[in-house]
Amino acid sequence: MSRDHVQSAQRPGTGAEAPFLELLARGASADAYEQPVLLARAEGLPPERIRALEQAKRLALHVRAEMEGRRRREAELSALFETAHDLAGLRDLDAVLQAIVQRARSLLSTDVAYLTLHDEEAGDTYMRVTEGSVAARFQQLRLGMGEGLGGLVAQTARPYVTPDYFQDDRFQHTRTIDTGVHDEGLVAILGVPLMIGAQVIGVLFAADRRARVFEREEIALLGSFAALAAAAIDTANLLTETRSALDRLARANEIIRDRSAVIERASDVHDRLAELVLRGGGVHDVAAAVSHVLDGTVEFAEADATPAAALEASRAEGHAVRHGDDWIAAVAAGGELLGALVLRGHPGLDPVDQRTLERAAMVTSLLLLARRSAAEAEQRVRGELLDDLLDARDRDPRVLRERAARLHADLDATHVVLAARLFGAAADADQEAAARRRLWSAASHLAATRHGLAAARDGGTVLLLPLDPGDTATDLARRTARHLGTAVHEPVTVGASAPVEDLARRPDAVAAAYAEGQRCLDALRLLGRAGDGAAAEDFGFLGLLLAGDRDIAGYVERTIGEVVAYDDRRGTDLVRTLDAYFACGMSPARTKDELHVHVNTVAQRLERVGRLLGDDWQSPARALEIQLALRLHRLSSRPGP
């Protein structure tokens, strides 16, 4: 305080409060208010003047405290208002809680502020937000109910304050909590509960790294922040529950819309299928109708054109099964597989749509059974025509062609006669008869779809099927064996004749071809090849014995035709070299003596033969067939007497 201030206090008319008003005006510290009194005493002013200054000092300090309190309350109210504003526009709960902790630390002027929340599943509280913390272990603390100061606050739902944490024995100390507090260096800690109604959901803390006594106003202020934090958490929880409820409601509405659409599709397909049945539609009409309803490609496939494992699984389970990106629904009647409905490229199939596909398969099986009942008469007619061809009863080509045309068969096309039979041992006569009926039914169905004929004969079934261009009797026999075996669930063995033509003019050729097919059938059985299909050409030289026409020229052509043709084109002597080679025990040295040529010439000729006949031409089986073909060629080329 300057001497001028003291002198002004001494002048008449000058009040003792003047220097203190100046100090109040410039916001001086509390220590500065002692200066006017000290200077007055140093100047030796009268006692009454010093008492007046003392009184003015006390009044000034009181005014200063009131002003400081008002400023502090204004700052607190402003912080509370800003926090409430943040809460009103709550978008991010973490951001709001972080702002609450930051403002509490700032207003209380503490080193650290933090907030813990209750974990209902674990039964303790965990650190949610920290401000001013530097210790990782402290930031990861969990406090059990009643443990540490925070646990005591959570348990009692009352504020607790300690000026020196480690010297306070009012709460339970644990090594984990004490270690975390020690790492952070905290000494004085204030904790107030976060409450929603009567439930404590967490604790808000303010802490210093030195001993400190928290005033009642500071405890109340932190409690206000705790109330805002609790309101923010409650609001966020309500918003989360509301969003969750809205999401569930949206999903429920979506499911309802989907179910409604599915029900509409199911009703649509039911109406379509009923209409198809009433107007006599076919299996392909059913497939087209289901394709439209399921928004995919649905096809009817024969049993032998469907993956066997998936088809059998669908038949056994009675449901459509997934196969890759496709769905397969078996079309079955009793124990017989009639085919399948295949939904292509539609891996994600709704259960109701799956049921729609299964119902369509059932309708398809009913249509097939109905058609089979109507077709049995036609099949009997087919069987009668084939019986007449086998027995050569009707030799009028015109009548035969007319009868065949009514059955959509063409007797002028090239055909193959196939003998099919089941060789499995049946448990009794009834089961054997039932198996034969299934075989005849499946063969009749195949014949009808292939524009052929079928009849039951000699304990098995005989089929007359047209031969497609580029196909062979062997290929047809094997496909037929597979198809019939799949249909009746038993191995079916099929023997095929050589292709036959002009059946209308040569009905006796059918009987001869059937006899040839039977011989092939018996050969397959004797060779242990049950369930297979073959023609005479598959048995090598044995085929000459099985074939009805003893096609020697054909056998020679298949076996050494390339060599004979090479000799004819080039004027070489490969056939004679082969004859000599086999006659000399397959010895090139003796062969060159027999032919009177150099051994290199023999080697060159044999190398050419290998290129024409294949690398395995000297194997025992091939060598035997080649020798027989050479002998037959020699005999057929020998001039007559």
Side-chain angles (χ1 to χ4, degrees), residues 416 470-475 477-478 495-500 512-513 515-517 519-524 526-529 532-641:
V416 173
D471 212 352
T472 66
T474 298
D475 295 337
R478 289 176 178 167
S497 71
V500 290
E516 180 180 337
R519 287 193 293 272
C520 291
L521 182 67
D522 292 336
L524 288 171
L526 292 172
L527 294 172
R529 292 172 57 184
D532 199 358
E537 62 186 19
D538 298 315
F539 295 96
F541 67 88
L542 291 177
L544 294 175
L545 304 176
L546 301 174
D549 58 359
R550 302 294 190 271
D551 185 14
I552 294 175
Y555 175 76
V556 172
E557 173 64 26
R558 290 193 299 271
T559 308
I560 60 171
E562 293 286 341
V563 177
V564 174
Y566 189 87
D567 278 350
D568 291 342
R569 290 195 309 270
R570 303 293 183 89
T572 54
D573 216 4
L574 297 183
V575 172
R576 181 166 169 262
T577 301
L578 272 177
D579 262 332
Y581 180 66
F582 286 117
C584 294
M586 302 177 71
S587 169
R590 291 203 296 271
T591 302
K592 61 99 174 173
D593 294 335
E594 177 70 20
L595 296 176
H596 305 291
V597 296
H598 194 275
V599 69
N600 289 342
T601 301
V602 174
Q604 292 171 0
R605 291 179 180 178
L606 295 179
E607 182 181 356
R608 173 63 62 183
V609 169
R611 287 200 292 270
L612 293 172
L613 299 183
D615 294 337
D616 65 337
W617 71 276
Q618 297 189 71
S619 65
R622 288 290 307 280
L624 178 60
E625 293 195 356
I626 292 171
Q627 290 179 70
L628 178 59
L630 288 169
R631 180 163 296 188
L632 292 173
H633 177 65
R634 186 166 60 251
L635 291 173
S636 63
S637 301
R638 182 179 297 174

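No experiment lies behind these values; they were computed from the predicted model shown.
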Legend entry - Residues which pass side-chain hydrogen bond (donor to acceptor under 3.5 Å, both in side chains) with Thr601, listed by chain and number, not counting sequence neighbours: none

Quick one: side chains of residues 578-593, donor-acceptor pairs under 3.5 Å with protein atoms, not counting sequence neighbours, listed by atom name and distance.
residue : atom : partner : partner atom : Å
Asp579  : OD1  : Arg634  : NH1          : 3.0
Asp579  : OD2  : Arg634  : NH1          : 3.1
Tyr581  : OH   : Met586  : O            : 3.4
Tyr581  : OH   : Gln618  : OE1          : 2.6
Ser587  : OG   : Arg590  : N            : 3.4
Arg590  : NE   : Cys584  : O            : 3.3
Arg590  : NH2  : Cys584  : O            : 2.8
Thr591  : OG1  : Ser587  : O            : 2.6

Inset, instruction - List for me each residue that meets side chain to side chain contact (heavy atoms under 4.5 Å, CB included) alongside Val500, sequence neighbours excluded, and say none if there are none. - result: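 Val500 satisfies side chain to side chain contact (heavy atoms under 4.5 Å, CB included) with His415, Leu503, Ala513 only.
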
Legend entry - Pairing residues for Asp573 by the salt bridge (charged side-chain N to carboxylate O under 4.0 Å, His left out) criterion, not counting sequence neighbours: Arg576

Inset, instruction - Using the test salt bridge (charged side-chain N to carboxylate O under 4.0 Å, His left out), find all partners of Asp475 that sit at least two apart in sequence or belong to another chain. - result: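 Partners of Asp475 under the salt bridge (charged side-chain N to carboxylate O under 4.0 Å, His left out) test: none.
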
Inset, instruction - Using the side-chain hydrogen bond (donor to acceptor under 3.5 Å, both in side chains) rule, collect all pairs that involve residues 606-617, keeping only residues at least two apart or in two chains. - result: Tyr566-Arg608, Glu607-Arg611, Asp616-Arg622

I need the minimum non-hydrogen distance between [X] and [Y], along with the two atoms involved.
X      : Y      : result
Val416 : Pro499 : CG2-CA, 4.2 Å
Ala535 : Ala473 : CB-CB, 3.9 Å
Asp567 : Leu574 : OD1-N, 2.9 Å

Inset, instruction - Compare all side-chain heavy atoms of Val597 with those of Thr577 and state whether any distance is below 4.5 angstrom. - result: no

